[in-house]
Amino acid sequence: MTGGAGVPAELCAVVLAAGEGTRLRPLTERLPKALCPVGNVPLLDRVLARLAGLGLTGPGRVAVNACYLGDQVVAHVGDRAHLSVEPGDPLGTAGGVANLRDWIDGRPVLVGNADAYLADPAAAPGPDVAALLDGWNGHTVRLLGQPAANPTAPGTFAGHCFTGFSLLPWRLVRDLPVVVSDLVHAVWRPAEAADALEVVPYPGAFFDTGTPADYLAANLHAAAGGTLVAPSATVTGRCVESVIGADARVDGDVLRTVVWPGATVRDGERLVDVIRFGNGGTVPATPHG
């Protein structure tokens with residue numbers, strides 16, 4: 001039985017938002033990675049919007065896990081999804097799903113990484129990943145992927161790099177232990193070995209936003225070659241190919257730069273390929289290639 005756009009009627013979704021984002025420090029010292037803004041929209045909100053585009057909304061169909069700075073995630077999500085707060089350290093991608101076993105309760109589950117930035121100019125969020133669900137037999141594991149530069153490199157699946165979303169049958173979720181573990185080793189590789197893993201290509205752009213360079217690249221992609229300025233920002237300087245957050249103030253010059261909400265760029269400063277946060281904090285984000 002399926003819902004709209006080929007979505008199984010019983011399908012639920014889990015958004016993984018518990019991670020510490022250590023590679024993005026110091027940006028993530030006070031803000032969880034899931035709430036870091038890309039194109040002035042928190043990453044977590046982008047995932048929830050994509051799920052809504054598939055018809056998956058509300059605490060009965062969508063769950064979000066939290067751990068690191070979890071109180072911020074909980075407050076941000078509110079009643080939009082079921083919340084699973086992990087005590088102590090994050091349980092990892094498989095442990096986080098296992099911790100939601102009672103909520104998943106027999107359903108297949110679409111698992112999305114909160115730090116995955118996806119954008120397809122040919123399809124809106126939601127429909128852009130619908131191919132992951134279309135024609136699914138309910139038995140295999142499916143991954144959303146893109147062809148890898150080196151198809152035989154470690155970490156690839158059928159010559160593809162993972163792009164943030166996977167589809168899991170209940171039978172493989174049911175017996176996952178609630179311990180620190182990851183989906184790669186607990187589910188995906190065993191399914192691959194059993195010839196029960198399929199990779200569905202994603203045709204749009206993808207950034208995992210895990211490093212400053214990738215985080216900057218995702219923001220610049222969202223700005224589409226121009227500059228995004230939040231309505232409440234104040235800009236007297238020159239902004240080129242940049243993203244300026246809410247209540248930020250830019251009196252200097254910025255190029256290929258993200259200025260976080262409430263941050264300041266002083267008159268006389270010139271920022272290039274960086275993320276500015278707070279009153280003078282700067283994270284270099286040298287682009288790839």
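Keep in mind that this is a model prediction, so the values were computed, not measured.
- Residues Gly138 and Pro169 approach most closely at O-CB, 3.3 Å, considering heavy atoms.
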Taking distance alone, no hydrogens or angles, what donor-acceptor pairs closer than 3.5 Å link side-chain atoms of residues 24-35 to residues at least two apart or in another chain?
from: Arg25; atom 1: NH2; to: Glu20; atom 2: OE1; distance (Å): 3.1
from: Thr28; atom 1: OG1; to: Gly21; atom 2: O; distance (Å): 2.7
from: Lys33; atom 1: NZ; to: Asp115; atom 2: OD2; distance (Å): 2.8

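- Partners of Asp251 by salt bridge (charged side-chain N to carboxylate O under 4.0 Å, His left out), not counting sequence neighbours, listed by chain and number: Arg249.
- Judged as a side-chain hydrogen bond (donor to acceptor under 3.5 Å, both in side chains), and not counting sequence neighbours, the contacts of His221 are Tyr117.
- Taking the side-chain hydrogen bond (donor to acceptor under 3.5 Å, both in side chains) definition, one finds that Thr152 meets it with Asn150, sequence neighbours left out.
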Where do Leu100 and His82 land on the side chain to side chain contact (heavy atoms under 4.5 Å, CB included) test, with the steps shown first? CA-CA 10 Å; Leu100 280 156; His82 175 80; 3.6 Å; yes
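- Contact check on Glu241 versus Arg256 returns no salt bridge, with no Lys/Arg side-chain nitrogen under 4.0 Å from an Asp/Glu carboxylate oxygen.
- Counted by atom type alone, Thr163 and Gln146 present zero donor-acceptor pairs between their side chains at under 3.5 Å.
- The shortest distance between side-chain heavy atoms of Trp188 and Leu168 falls below 4.5 Å.
- For Trp136 (side chain) and Thr140 (main-chain N/O), a donor-acceptor pair under 3.5 Å exists by modelled atom type.
- One finds the CG atom of Leu197 at 7.0 Å from the CZ atom of Phe157 (value rounded to the nearest 0.5 Å).
- In this structure, the side chain of Thr156 does not engage the main chain of Cys161 through any donor-acceptor pair within 3.5 Å.
- The minimum heavy-atom distance linking Ala17 with Val64 is given by the pair CB-CG1, 3.9 Å.
- The hydrophobic clustering, which links ILVMFWY residues whose side-chain heavy atoms are closer than 4.5 Å, places Leu220 and Val258 together.
- Judged by distance alone, with hydrogens and angles left aside, the side-chain atoms of His76 form no donor-acceptor pair with the main-chain N or O of Val74 at under 3.5 Å.
- Val41 and Val129 fall into different hydrophobic clusters, where Ile, Leu, Val, Met, Phe, Trp and Tyr are joined by side-chain heavy atoms under 4.5 Å apart, directly or via other members.
- Within 6.0 Å of atom CZ in Arg270, 12 or fewer heavy atoms from other residues, nucleotides or ligands are found, so the atom counts as exposed in its surroundings.
- Under the rule for a salt bridge (charged side-chain N to carboxylate O under 4.0 Å, His left out), the partners of Arg266 that lie at least two apart in sequence or sit in another chain are Glu269.
- Cys12 contributes atom SG, which lies 5.0 Å from atom CD1 of Ile104 (distance to the nearest 0.5 angstrom).
- One hydrophobic cluster, built from ILVMFWY side chains closer than 4.5 Å, holds both Leu16 and Phe162.
- In this structure, CG in Leu83 is found 10.5 Å from CH2 in Trp103, a value given to the nearest 0.5 Å.
- Remark: side-chain polar atoms of Asp253 are paired, donor with acceptor, to backbone N or O of Arg238 under 3.5 angstrom.
- Heavy atoms from other residues, nucleotides or ligands lying under 6.0 Å from CG of Asp195 number 12 at most.
- Residues satisfying the side chain to side chain contact (heavy atoms under 4.5 Å, CB included) test with His185, not counting sequence neighbours, are Asp182.
- The salt bridge (charged side-chain N to carboxylate O under 4.0 Å, His left out) contacts involving residues 70-89 comprise Asp45-Arg80, where partners must be two or more places apart or lie in separate chains.
- Closest approach of Asp120 to Tyr202, counting heavy atoms only: N-OH, 3.3 Å.
- A search for salt bridge (charged side-chain N to carboxylate O under 4.0 Å, His left out) contacts involving Arg189 returns Glu192, not counting sequence neighbours.
- With rounding to the nearest 0.5 Å, the separation of OG in Ser166 from CG in Leu132 is 8.0 Å.
- Side-chain atoms of His139 and Arg171 form a donor-acceptor pair, as typed in the model, at a separation below 3.5 Å.
- Contacts of Cys239 classified as side chain to side chain contact (heavy atoms under 4.5 Å, CB included), with partners at least two apart in sequence or in another chain: Thr227, Val235, Ile244, Val250, Val254.
- Looking only at side-chain heavy atoms (C-beta outward), Val179 and Leu91 stay at 4.5 Å or farther from each other.
- Atom OG of Ser84 sits about 4.0 Å away from atom CG of Asn99, to the nearest 0.5 Å.
- The two residues Asp214 and Phe207 make their nearest non-hydrogen contact at O-CB, 4.0 Å.
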Please walk me through it: do Leu110 and Leu51 pass side chain to side chain contact (heavy atoms under 4.5 Å, CB included)? CA-CA 9 Å; Leu110 177 64; Leu51 295 176; 3.8 Å; yes
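- Proximity of Val47 to Phe165: side-chain heavy atoms (C-beta onward) are separated by under 4.5 Å at one or more points.
- In this structure, CG in Leu133 is found 8.0 Å from CZ in Arg142, a value given to the nearest 0.5 Å.
- The heavy-atom pair separating Trp170 from Asp105 by the smallest distance is CZ3-N, 3.9 Å.
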From CA spacing to verdict: side chain to side chain contact (heavy atoms under 4.5 Å, CB included), Val73, Leu44: CA-CA 9 Å; Val73 175; Leu44 180 54; 4.2 Å; yes
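- Here the closest non-hydrogen pair linking Leu255 and Thr257 is O-OG1, 3.0 Å.
- For Arg107, the salt bridge (charged side-chain N to carboxylate O under 4.0 Å, His left out) criterion is met by no residue, not counting sequence neighbours.
- Residues Cys36 and Pro42 are not in side-chain contact: their nearest non-hydrogen atoms beyond the backbone lie 4.5 Å or more apart.
- For Asp128 (side chain) and Gly126 (main-chain N/O), a donor-acceptor pair under 3.5 Å exists by modelled atom type.
- For the pair Val141/Val187, a side-chain contact is recorded, criterion being any heavy-atom separation below 4.5 Å from C-beta on.
- Side-chain contact between Asp273 and Leu216 is present, with at least one heavy-atom pair separated by less than 4.5 Å.
- Checked against side-chain hydrogen bond (donor to acceptor under 3.5 Å, both in side chains), Thr282 has the following partners two or more places apart in sequence or in another chain: Arg276.
- Cluster membership for Val259 and Leu43, using ILVMFWY side-chain heavy atoms within less than 4.5 angstrom, is not shared.
- Under the 4.5 Å side-chain criterion, counting only non-hydrogen atoms from C-beta, Glu198 is not in contact with Leu143.
- A donor-acceptor distance shorter than 3.5 angstrom exists from the side chain of Arg50 to the backbone of Leu118, with no hydrogens or angles considered.
- Placement of Val274 and Leu228 in two distinct hydrophobic clusters is found when ILVMFWY residues are connected by side-chain heavy-atom separations under 4.5 Å, directly or transitively.
- Using a 4.5 Å heavy-atom threshold, the side chains of Val109 and Leu11 count as separate.
- Taking the side chain to side chain contact (heavy atoms under 4.5 Å, CB included) definition, one finds that Ala149 meets it with nothing, sequence neighbours left out.
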